[in-house]
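Contents: one structure, followed by commentary.
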Amino acid sequence: MDALRTHQLSKQFIQKNGEPFIAVNNVTMSIEEGKIHGLLGPNGAGKSTLINMITGSCMPSSGEIVVFDNNVTDKTIQSKQVIGIVPQEIVIEMAFTVYEVLYYFSGMYGISYAERNKRIPKILEVLDLSEKAHERARGLSGGMKRRLMIAKAIIHKPKLLILDEPTAGVDVTLRQRIWELVRELNKQGTTVLFTTHYLEEAEQLCERITVLNHGKIVKNGDLKDIQQEFSKNLIRFELFDRNTTHLEEVQQVGMAYNYPIKNLRDDLDRIAAFYKDNLKSIRSEAASLEEIFLNLTSK
Amino acid sequence: MSVALHVFSLYSREVMRFRKLWLDTVFSPIISIILYLAVFGIVVGTRTIGDINFLSFIYTGLLCMLMVNSSFANPSFALIISKNVGTIADLQVVPIPPWGIGVAYAAAALTRAIATLVFTVLLTIWFIPLDSVHHITVAILAAILTGLEFGLLGVIFGMWAKNFEALTFITTFIMQPMIFLAGVFFPISTLPGIWSTLGLLNPLHHNVNLFRYGITGYADVSPLTSCIAIVSISLILFIWMQIQTKRSLKN
Ligand SMILES: Nc1ncnc2c1ncn2[C@@H]1O[C@H](COP(=O)(O)OP(=O)(O)O)[C@@H](O)[C@H]1O
Ligand SMILES: [Mg+2]
């Protein structure tokens, strides 16, 4: 079963100057149940808008969203019930304690009193917030607030967990903890959709990605397939001495160089002949997600 | 799928919100009532109106005004604040339909209005020359209907308004004049000409009238008319509230 399906989904905003602006343009995608799916794209690509339409906080201009067989337009409540969302912005009820925030929020998902009082201490433990349970959320540090947002999103055990840049502005330790938790939840059967700035995170976490640019899908599919597709035409080599002239087609990527392949054998010969013993290493390389990303979204 | 517990949880949260600030939300209105009563008590003395004491006339009007104010303020403040800090996003994602969100906020408003009323009455009733309550059920009904009606209005307004300036505007230019022309301090019929008609058309006048009738037995217009007017207005507000909530949460 698909955890999520969107069909020709679009969102048009009316800007301040009265001009329409298409933030999400005809997006058709799906996520199989049990998968971790990365949604990538530069700032302003429309990721959050897409997510907001899925969670029901933004009305689509056209198109369809189905969450576990519930069309969000006519089965809004049922679909909201199975979604957990960590929004991009940290917003917290300042007047309430950490415990109260979770208590009322999970209540709004219909979790019984007994169950709430059982789950909250556990979740606080997992997210290392137990000591803060009865303190006002106002006084939490940024990282703690972020963890509380995550606790809010998973307390009702959603079948589809959506995280909108959960690691933006978060230190390395917490980032790793967040992804560990996401993996753990995924193992227990939760389907995950997330966006991130850090491409290496996506590379490590998910099998499938969707790349958005200017509101449109520019790539959608298996990460491995996409990497292969891009690596087919790439030779990567390193040089001892980088102070040298280059072949015309060569691009510098960090400390290394990329060369687009026309004919692998000829090209290898050509590079070897040109750089001779300055050549430190050479191989045909799987493109990193970062390169793919730059390539796809540079237009 | 039943959302009763969902709605009740939102209601509980909103009750908890004003309980945390009970000095401001429940207690401080009592001070202004006491001041009004002190001043009017001196001025009107033992004067009567119809066959009731003038002070109890004013007292019942003030109590009704108190409920109108606190039930309107509760949801409108809470919603405008949550828009400012962004916690409105919670309401956008939880599995509660728009009517449920409105009902939870309106019910919390009613709870605060009743709590304020009970506190105030307990503290002030001793100074009022009131021997008996005319029709306690009518008074309770009037109190509940008033709390819900203005709770719903507060939800509509809180959903619609973007900032506190809008709230100040509505309070100063709409609520205050309405309260002034609602027969809180004097019978509507004593107003000159057009004002008297305006007063009778003022929906708030019916709340004051019904509540006052329940406590003292004094009525400007038929209590039944007032009751029908309040119920009809509340039903319209209930529908309007759903439309406004849906629109505001899907922007
Ligand atoms: N409410 C809105 N009104 C007008 N434009 C908006 C609104 N929300 C988002 N946008 C625009 O839509 C585009 C996509 O935004 P967003 O979905 O937040 O991108 P991302 O999350 O990928 O960074 C941006 O250009 C943004 O300015
Ligand atoms: Mg975003």
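Lettering follows sequence order; numbering is per chain, from 1.
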Taking [atom1] in [X] as the centre, count heavy atoms belonging to other residues, nucleotides or ligands within less than 6.0 Å. Is the count above 12?
X        : atom1 : answer
A/Glu89  : CD    : no
A/Lys157 : NZ    : no
A/Glu125 : CD    : no
A/Glu131 : CD    : no
B/Phe119 : CZ    : no
B/Phe185 : CZ    : yes
A/Arg183 : CZ    : yes

Using 0.5 Å steps for rounding, measure from the [atom1] atom of [X] to the [atom2] atom of [Y].
X        : Y        : atom1 : atom2 : result
A/Met59  : B/Lys246 : CE    : NZ    : 7.0 Å
B/Thr87  : A/Ile92  : OG1   : CD1   : 10.0 Å
A/Cys58  : B/Lys250 : SG    : NZ    : 8.5 Å
B/Ile101 : A/Met108 : CD1   : CE    : 9.0 Å

So, do [X] and [Y] sit near enough that their side-chain heavy atoms are less than 4.5 Å apart?
X        : Y        : value
A/Phe96  : B/Arg17  : yes
B/Val85  : A/Val91  : no
A/Ile77  : B/Pro97  : yes
B/Leu10  : A/Tyr104 : no
A/Lys152 : B/Asp90  : yes
B/Val93  : A/Lys80  : no

Exercise for review: Could you tell me which portion of B/Val3 (side chain, backbone, both or neither) has an atom closer than 4.5 angstrom to a non-hydrogen atom of chain A?
Suggested key: side chain
Review point. Side chain, backbone, both or neither: which part of A/Gln81 has an atom under 4.5 Å from a heavy atom of chain B?
Key: both
Point to revise | chain B contact via A/Ile111 - which portion, at a heavy-atom distance below 4.5 Å | key: backbone
Exercise for review: Sort out for me which of B/Ser82, B/Ala4, B/Ser12, B/Ser2 touches chain A most, counting heavy-atom pairs under 4.5 Å.
Suggested key: B/Ser12
**Study point:** A/Arg116 vs B/Ser9, side-chain contact (heavy atoms from CB on, under 4.5 Å): CA-CA, chis, key distance, verdict
**Key:** CA-CA 12 Å; A/Arg116 275 184 248 172; B/Ser9 301; 3.5 Å; yes
Practice item. Report the C-alpha distance between B/Lys20 and A/Glu100 in whole Å, list the side-chain angles of each, state the deciding distance to 0.1 Å, and finish with yes or no for salt bridge (charged side-chain N to carboxylate O under 4.0 Å, His left out). Key: CA-CA 12 Å; B/Lys20 280 177 183 282; A/Glu100 286 168 341; 2.8 Å; yes
**Study point:** Stepwise side-chain contact (heavy atoms from CB on, under 4.5 Å) test for A/Tyr113 and B/Leu5
**Key:** CA-CA 10 Å; A/Tyr113 296 103; B/Leu5 183 55; 4.1 Å; yes
